[in-house]
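Reviewing the structure listed below.
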Number of protein chains: 2
Amino acid sequence: MTQSRAYHHGDLRRALLDAAVEVMAESGPAALSLRDLARRAGVSHAAPAHHFGDKAGLLTALAAQGFELLAEALRGAGDDLIDTGVAYVGFAVRHRAHFEVMFRPDLYRADDPEVAAARTRAGELLRTGVARRTGRGPDVDALAAWSIVHGFATLWNSGALPPRVGPDPEAAARTVISRLFP
Amino acid sequence: MTQSRAYHHGDLRRALLDAAVEVMAESGPAALSLRDLARRAGVSHAAPAHHFGDKAGLLTALAAQGFELLAEALRGAGDDLIDTGVAYVGFAVRHRAHFEVMFRPDLYRADDPEVAAARTRAGELLRTGVARRTGRGPDVDALAAWSIVHGFATLWNSGALPPRVGPDPEAAARTVISRLFP
DNA sequence: ACTCTAACTTGCCATTGACAAGATGGCCCC
DNA sequence: GGGGCCATCTTGTCAATGGCAAGTTAGAGT
């Protein structure tokens, strides 16, 4: 993970990633500008290139971080399938910027080995979570479960859901997932 | 819908929208450039501004068109709930560019009256489709149905699904939706 | 102390979105 | 049939961006 010790800036790589998350969380991925991130970090406009190569490189790092955060969230949800689904939604809402990048492969290098590894790790957790519950071939159940939580999270984040769903995404998600796995 | 008769270009507005769909379908929404669209249409770089104001204006028109196409697709699916869900996925896959823009409100003016109207129309069709089938309060069922088809479509379009799901998104979607409404 | 290299800066260029001001051409109405 | 009118499109310009090249700095190892 390119662990960098303290250098000129302190930890520019991390600062840039954090700033990117902040910008995207409030203005969406389209508003992201490397030069703006550099300004926020107090460095020159070309400094980001040294750590990430280009914009896609920065987003690749963000995606990898995102898949790791997702795996962490899923692990923390325990053994219950419903809880795992709720955790997926919770991750998407809480780490909206990461989530949006992760599933937009045109923005980053999806074949990056680090990203691929993290993605596989998170995918394993999802599938074992489903297999633990349902006796049948996990294929359909896993796909249905993934679809329903991913869809709910995406719709919630895009603001497409009507207000009567309520203010708490995780509570609403629990209800919805329970409809699939009663 | 601002029906324009033949003028200098022929129908620049339509040509620009078509070109935008083409570009986004193969390179994603981030690759969209007004100047590139103008070049493809054979007009000057400032011509698009006259029809759409700015980039968000063009995407607003695209989103409105998308919601209308979605409504059309849902209407064409008939009365069956499963068919309606499959049609949703079919629309998302077939009109990928429209679909991506529609659910990315940071890219366009979601409060545009024309968009809002088209969105409402499509939403009605979705909800009545669900209410027709399930006796219970349609809230949970409708949300679950929307989530599962939207999630499947999004995952399919982002290339996140494993190959064993097969090559036909609509067939796979039918299986998944049937899992929710046996 | 000296070097060597990672981390950063300065400077540059092509592209883009947006705006302003002007040119063009078809259509209406007398 | 001709003159005005307005939507349509063009030319020109500006600030911002991404990316590249070449130079500078600082800190770590020996």
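Naming: A, B, ... by sequence-line order, numbering from 1 per chain. Hydrogens, waters and symmetry mates are skipped; everything else that's a heavy atom, side chains included, is used.
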Pairs satisfying side chain to side chain donor-acceptor pair (under 3.5 Å), at least one member in residues 36-47 of chain A, at least two apart: A:Asp36-A:Arg40

For A:Asp54 and D:dA21, give me the distance from atom CG to atom P, rounded to whole Å. 13 Å

Compare all side-chain heavy atoms of A:Leu62 with those of A:Tyr108 and state whether any distance is below 4.5 angstrom. no

May I ask you to decide whether A:Asp54 forms a salt bridge with A:Arg109, counting only side-chain N to carboxylate O separations under 4.0 Å? yes

Value in whole Å for how far the P atom of D:dC6 lies from NE2 of B:His50: 13 Å

Compare side-chain N and O positions of B:His51 against OP1 and OP2 of D:dC9 and report whether any pair is under 4.0 Å apart. yes

Remember a base hit wins even if backbone is also touched, and classify B:Ala47 as base, sugar-phosphate or nothing at under 4.0 Å, heavy atoms. base

Winner on side-chain proximity to B:Leu12, out of C:dA18, C:dT10, D:dC9, is D:dC9

Nucleotide D:dC9, atom P - distance to CZ of B:Phe52 in whole Å: 11 Å

Hey, does B:His95 have a side-chain heavy atom less than 4.5 Å from the side chain of B:Val21? no

Here the distance between atom P of D:dT8 and atom CG of B:Asp11, to the nearest Å, is 10 Å

All heavy atoms of B:Thr84 vs all of B:Ala77, minimum pair found to be CA-CB, 3.9 Å

So that I can tick it off, tell me whether B:Arg94 and B:Glu170 are bridged by a salt bridge, with the cut-off set at under 4.0 angstrom between side-chain N and carboxylate O. yes

Can you list, by residue number, the residues of residues 30-39 of chain A that have a non-hydrogen atom closer than 4.0 angstrom to DNA chain D? A:Leu32, A:Ser33, A:Leu34, A:Arg35, A:Arg39

Mind listing the residues from residues 21-29 of chain B sitting with a heavy atom below 4.0 Å of DNA chain D? Number order is fine. none

Below 4.5 Å, heavy atoms only, C-beta onward: do A:Leu32 and A:Leu37 meet side chain to side chain? yes

Where the side chain of A:Ala46 is defined as all heavy atoms beyond and including C-beta, which of C:dA7, D:dG18, D:dC20 is the nearest nucleotide? D:dC20

Would you call the rings of A:Phe103 and A:Tyr88 parallel, tilted or perpendicular, where under 30° means parallel and over 60° means perpendicular? tilted

Tell me the interatomic distance from A:His45, atom NE2, to D:dG18, atom C1', rounded to whole angstroms. 9 Å

Closest approach of A:Ala25 to A:Ala97 (non-hydrogen atoms, all atoms of both residues): N-CB, 4.2 Å

Distance, rounded to the nearest Å, where A:Arg13 contributes CZ and C:dA6 contributes P: 15 Å

